[in-house]
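Proteins come first, then strands; the chains are lettered A, B, ... in the order of their sequence lines, and each starts at number 1. If you're wondering where the values come from, they're calculated on a predicted model, not measured in any experiment.
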Amino acid sequence: MREWLVDRTTFVWLLSMLATSLSWFLGVNQEPAVLNATASASIILITFFKMYLVMGNFMELRGAPWSLRILCGTWMAVLCACMLTLYCLVLP
Amino acid sequence: MENSPLSSTDAHMPAKVKSVAKKHIPGEPGVWLFLLGDMVIFGLFFVVFLYHRGQDVSLYLESQRALDQNIGIVNTLLLLTSSWFVVTGVRMARKDVSRAGVWIALAFGCGVGFVINKFFEYQAKLRTGITLFTNDFYMYYYIFTGLHLWHVILGLGILAYMWHLTRLKSPDSQSIAFLEGGASFWHLVDVLWIILFPLLYLLR
């Protein structure tokens, strides 16, 4: 196989595309109100999983110094916690 | 250092150190200061949006129904694919800079596709009378997506310069550093859209 194709980043790209499609599917099929909260919370978690993949592999944080990894990881964790909390606070 | 299989850090590192020091900041550290600042500002935007959404959930849900989720997912897939093209380009550039050009050009094409899609999306909204002043949801919609679009356009300029660097006869270690820094910026544009898409289009 060609060297540009056989790489971890190709797998990450495919996984991100699948995760995006799953988010979209959950987002457009949320009619019963009882499912909304679970689907939306899942969408937030999938979003941060994709960010973890992109920042770790595409932005090459996996090979970056710990200081930079900790800064970006903290940003992601804090933002994910804030978004989940603010979303869940307004649930009926 | 033409066709040198090196990263920007490797290029000016003594051979002895290369084997020990594996950790490497992609691009110049100054670029990362800008990226981290951008991440904090957009993070605050997202939190403010969700806070205000909590004050009037029904208005936000009703307004969200007018957004086209299909355009949203196409744009997300375009940016993800462009990010993969860019990371592949940088990987190729470390072996041979001249092989990176086609990947950067493909990423540029995806970015242009995003801008065209956004243009049609804005046009459809404005035609139905939905503007920045319609309500709070659309104010955030236009401001956030507009700021992101500005990042995409800036990123396209950077990609164009990256492509130019891959055409040079004798690129140096600074060229590789610029490729890595520019790539990091483009990936951040992707990351910001990864949050904006569910936040504006999908959350119910």
Side-chain angles (χ1 to χ4, degrees), chain A residues 3-5 7-10 12-14 16-17 19-21 23-28 30-31 33 35-37 39-41 43-44 46-51 53-55 57-61 63-69 71-72 75-76 78-80 82-87 89-92, chain B residues 7 22-27 29 32 35-36 39-40 42-44 46-51 53-57 60-61 69-70 72-73 76-77 79-81 83-92 95 99 103 180 183-188 190-192 194-195 197-199 201-204:
Chain A
E3 59 180 317
W4 56 263
L5 186 63
D7 189 73
R8 182 188 178 90
T9 53
T10 306
V12 165
W13 169 63
L14 289 172
S16 305
M17 301 283 274
T20 301
S21 305
S23 289
W24 171 81
F25 179 78
L26 289 171
V28 296
Q30 288 189 57
E31 281 319 314
L35 290 179
N36 285 358
S40 291
I43 288 170
I44 294 176
I46 292 170
T47 295
F48 281 89
F49 172 65
K50 280 163 55 188
M51 283 170 63
L53 286 177
V54 169
M55 293 185 80
N57 296 279
F58 290 179
M59 292 176 94
E60 300 185 327
L61 285 176
W66 275 105
S67 51
L68 188 57
R69 295 176 72 172
L71 277 173
C72 292
W75 176 75
M76 266 198 291
V78 170
L79 191 54
C80 182
C82 286
M83 285 178 67
L84 273 176
T85 306
L86 285 169
Y87 175 75
L89 276 178
V90 296
L91 290 176
Chain B
S7 72
K22 294 282 183 194
K23 300 292 180 191
H24 153 72
I25 296 180
W32 276 91
L35 299 184
L36 288 167
M39 285 157 64
V40 170
F42 268 91
L44 288 173
F46 302 145
V47 169
V48 167
F49 174 84
L50 277 174
Y51 174 77
R53 178 184 181 273
Q55 311 294 308
D56 195 351
V57 182
Y60 279 64
L61 288 178
Q69 288 141 333
N70 295 330
I73 190 178
T76 311
L77 298 179
L79 283 189
L80 277 173
T81 305
S83 263
W84 179 66
F85 285 147
V86 166
V87 78
T88 307
V90 170
R91 202 156 49 84
M92 292 294 114
K95 295 171 182 164
R99 290 168 65 190
W103 298 102
E180 290 177 349
S184 296
F185 178 78
W186 189 254
H187 297 315
L188 181 69
D190 184 15
V191 164
L192 295 178
I194 283 175
I195 311 181
F197 171 53
L199 193 68
Y201 294 74
L202 298 180
L203 286 190
R204 295 282 171 83

Can you tell me which of [options] forms the most heavy-atom pairs within a distance under 4.5 Å of chain B?
| options | value |
| --- | --- |
| A:Trp66, A:Phe48, A:Trp4 | A:Trp4 |
| A:Ile46, A:Val78, A:Leu79 | A:Leu79 |
| A:Met55, A:Arg69, A:Met51 | A:Met51 |
| A:Leu71, A:Asp7, A:Asn57 | A:Asp7 |

Review point. Does B:Tyr51 reach the side chain of B:Gln55, with side-chain heavy atoms less than 4.5 Å apart?
Key: yes
Practice item. List for me each residue that meets side chain to side chain contact (heavy atoms under 4.5 Å, CB included) alongside B:Ser184, sequence neighbours excluded, and say none if there are none. Key: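 With sequence neighbours excluded, B:Ser184 shows a side chain to side chain contact (heavy atoms under 4.5 Å, CB included) to B:Pro26, B:Trp32, B:Leu35, given in chain and number order.
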Check your understanding: Taking only residues two or more places apart in sequence, or in another chain, which ones meet A:Ala41 in a side chain to side chain contact (heavy atoms under 4.5 Å, CB included)?
Key -> A:Leu84
Practice item. Report the relative orientation of the aromatic rings in A:Trp13 and B:Trp84; use parallel for angles under 30°, tilted for 30 to 60°, perpendicular for over 60°. Key: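 It falls in the parallel class, under 30°.
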Practice item. For the pair B:Phe85 and B:Trp103, name the ring-plane relationship: parallel under 30°, tilted 30 to 60°, perpendicular over 60°. Key: tilted
Let me know if [X] has heavy atoms under 4.5 Å from chain A in its side chain, its backbone, both or neither.
| X | value |
| --- | --- |
| B:Trp186 | neither |
| B:Ser83 | both |
| B:Leu44 | neither |
| B:Leu36 | side chain |
| B:Met92 | side chain |
| B:Phe197 | side chain |

I need the minimum non-hydrogen distance between [X] and [Y], along with the two atoms involved.
| X | Y | result |
| --- | --- | --- |
| B:Lys23 | A:Ala64 | CD-O, 3.4 Å |
| B:Leu61 | B:Arg53 | CD2-NH2, 3.9 Å |
| B:Val86 | B:Ala183 | CG1-CB, 3.3 Å |

Working to the nearest 0.5 Å, report the span between [atom1] of [X] and [atom2] of [Y].
| X | Y | atom1 | atom2 | result |
| --- | --- | --- | --- | --- |
| A:Ile43 | A:Ser23 | CD1 | OG | 5.5 Å |
| B:Glu180 | A:Glu60 | CD | CD | 6.0 Å |
| B:Leu202 | A:Thr20 | CG | OG1 | 10.0 Å |

Which atoms of [X] approach chain B - backbone, side chain, both or neither, heavy atom under 4.5 Å:
| X | value |
| --- | --- |
| A:Leu89 | neither |
| A:Thr10 | both |
| A:Leu61 | side chain |
| A:Trp24 | both |

I'd like to know which of [options] tops the heavy-atom pair count under 4.5 Å against chain A.
| options | answer |
| --- | --- |
| B:Ile195, B:Val57, B:Thr76 | B:Ile195 |
| B:Asn70, B:Val47, B:Thr81 | B:Thr81 |
| B:Arg91, B:Gln69, B:Arg99 | B:Arg91 |

